[in-house]
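In this chain, residues are counted from 1 in sequence order. Just follow the structure's listing: the first ligand is 1, and inside any ligand the first atom is 1. Quick caveat, the model's predicted, so the values are computed rather than measured.
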Amino acid sequence: MSGHIKTAFSRLALDLGAVCANYRTIARRVAPAACGAVIKADAYGLGARDVAPALYDEGCRVFFVAQFSEALNVTDVLGEDAEIVILNGLEPGAEAACAAHEFLPVLNADSQVARWRDLARAKGTPLPAVLQVDSGMSRLGLDASAAASLAADPAFAREVPLRLIITHLACADEPGHAANAEQSARFRAIRRLFPTVQASIANSGGAFLSSAFHCDLVRPGIALYGVQPHSSSILMHPVVRLDARILQIREIEAGIRVGYGLDYAAPSRRRIATLGIGYADGWPRCLGGTGTGTGSAWHAGQRLPIVGRVSMDSMTIDLTALAPDALAEGDFVELLGPSQSLADVARDAGTIAYEILTRLGTRSERIFAGHQTAAAAALETVQ
Ligand SMILES: *Cc1c(COP(=O)(O)O)cnc(C)c1O
């Protein structure tokens with residue numbers, strides 16, 4: 001089970017109630033369009049086997065993963081009527097297993113269409129799928145002319161009943177970007193070729209654009225997990241909190257150096273704490289470095305700068321700003337929470353919140369707050 005304790009050097013607290021509240025907020029906003037959920041990459045690192053059933057209980061029936069193995073990972077925790085869509089496409093060799101499990105592969109290229117049709121003919125049964133078209137991002141999906149030839153082929157409709165036709169926006173997190181309207185217009189033209197098929201264009205960013213982007217179904221990921229897709233008056237509830245344990249505290253004199261490369265030299269007498277979290281836990285190494293780095297831990301609203309380089313399993317922070325007895329060995333300090341959001345850490349690390357979130361938690365103790373799935377409750381009992 002993914003939530004098994006490996007160490008208690010860091011604690012990742014997940015609020016499944018907040019995930020559900022975020023789902024309801026988006027679902028209300030996009031109605032009458034339906035709201036699916038993207039749970040690829042183990043629900044962005046949060047644990048798909050916990051997140052997916054919680055969302056199913058909220059009424060979500062369409063789940064998007066990236067890979068066949070991710071579909072397999074959640075199929076037994078979802079109800080029979082849940083549909084699992086594999087965004088990265090039909091993996092060579094996975095065709096028969098995909099059909100047996102009734103997963104919906106996204107057909108992204110002619111070769112994938114051909115392999116799925118071959119299987120449908122061989123089995124003598126129609127095999128439903130999702131079709132992706134490229135509307136300008138040049139990543140995945142058929143181009144307009146390939147989609148047009150499929151639409152003109154009556155055998156295709158018999159062999160592969162399409163559940164959904166999708167495209168993906170390149171700039172949905174920039175509401176004013178001209179590409180959004182351009183992609184939407186190209187998608188509308190392709191959709192007209194498949195008039196009876198439901199359509200989906202919006203990720204989280206798209207769900208917060210105008211209703212023209214909602215089509216029949218939206219497929220948010222990051223917003224469910226508490227990250228605002230772009231400045232919008234609709235606020236997402238934070239979902240994760242990360243705390244790291246203090247392994248050791250020492251006082252160092254001016255001039256004493258800290259960490260690999262001895263990059264940091266104390267400018268005056270300092271109190272330094274070593275935390276049990278490092279880059280192998282997904283905490284970005286670039287947040288440390290010379291001087292005080294750019295990264296921070298927090299305690300009771302006080303910033304505690306990272307000093308020296310971030311190691312694989314630990315990193316050092318400066319506690320001097322706190323009262324001497326404010327923290328002791330064994331205590332936890334905040335890395336993500338009310339004082340520091342995923343967006344703050346992403347900004348300091350020069351990346352996006354998605355990257356921070358998906359890398360976290362492999363060695364952290366996972367704690368559940370809010371909505372309890374049976375699996376999460378059972379796990380907590382074991383702990
Ligand atoms: C990852 C992904 C999403 C979800 O994107 P968010 O920005 O996390 O909401 C939706 N659609 C596709 C095709 C994706 O790859």
Exercise. Please identify each residue that fulfils salt bridge (Lys or Arg N to Asp or Glu O under 4.0 Å) with Asp344, with sequence neighbours left out.
Key: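 So Asp344 forms a salt bridge (Lys or Arg N to Asp or Glu O under 4.0 Å) with Arg347.
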Quiz item: Do NZ/NE/NH1/NH2 and the carboxylate oxygens of Asp118 and Arg115 come within less than 4.0 Å?
Solution: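 Salt bridge between Asp118 and Arg115, a charged N being under 4.0 Å from a carboxylate O: no.
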Quiz item: Could Glu70 and Lys40 be called an ion pair, given the rule that one side-chain N must be under 4.0 Å from one carboxylate O?
Solution: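 Lys40 and Glu70: not salt-bridged.
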Quiz prompt | Asn108 versus Gln132, side-chain donor and acceptor atoms under 3.5 Å | solution = yes
Quiz item: How about Arg241 and Pro338: do any of their side-chain heavy atoms sit closer than 4.5 Å?
Solution: yes
Contacts table for ligand 1: protein N or O within a distance under 3.5 Å of ligand N or O, distances only.
from	atom 1	to	atom 2	distance (Å)
ligand 1	7 (O)	Asn203	ND2	3.1
ligand 1	7 (O)	Tyr354	OH	2.6
ligand 1	8 (O)	Tyr44	OH	2.5
ligand 1	8 (O)	Ile222	N	2.8
ligand 1	9 (O)	Ser204	N	2.8
ligand 1	9 (O)	Ser204	OG	2.5
ligand 1	9 (O)	Gly221	N	2.8
ligand 1	11 (N)	His168	ND1	3.4
ligand 1	11 (N)	Arg219	NE	2.9
ligand 1	11 (N)	Arg219	NH2	3.3
ligand 1	15 (O)	Lys40	NZ	2.7
ligand 1	15 (O)	Arg139	NH2	3.3

Quiz prompt | Backbone of Val133 reached by a side-chain donor or acceptor of Thr167 within 3.5 Å | solution =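 Yes, the answer is positive, given that a donor and an acceptor are paired below the 3.5 Å cut-off.
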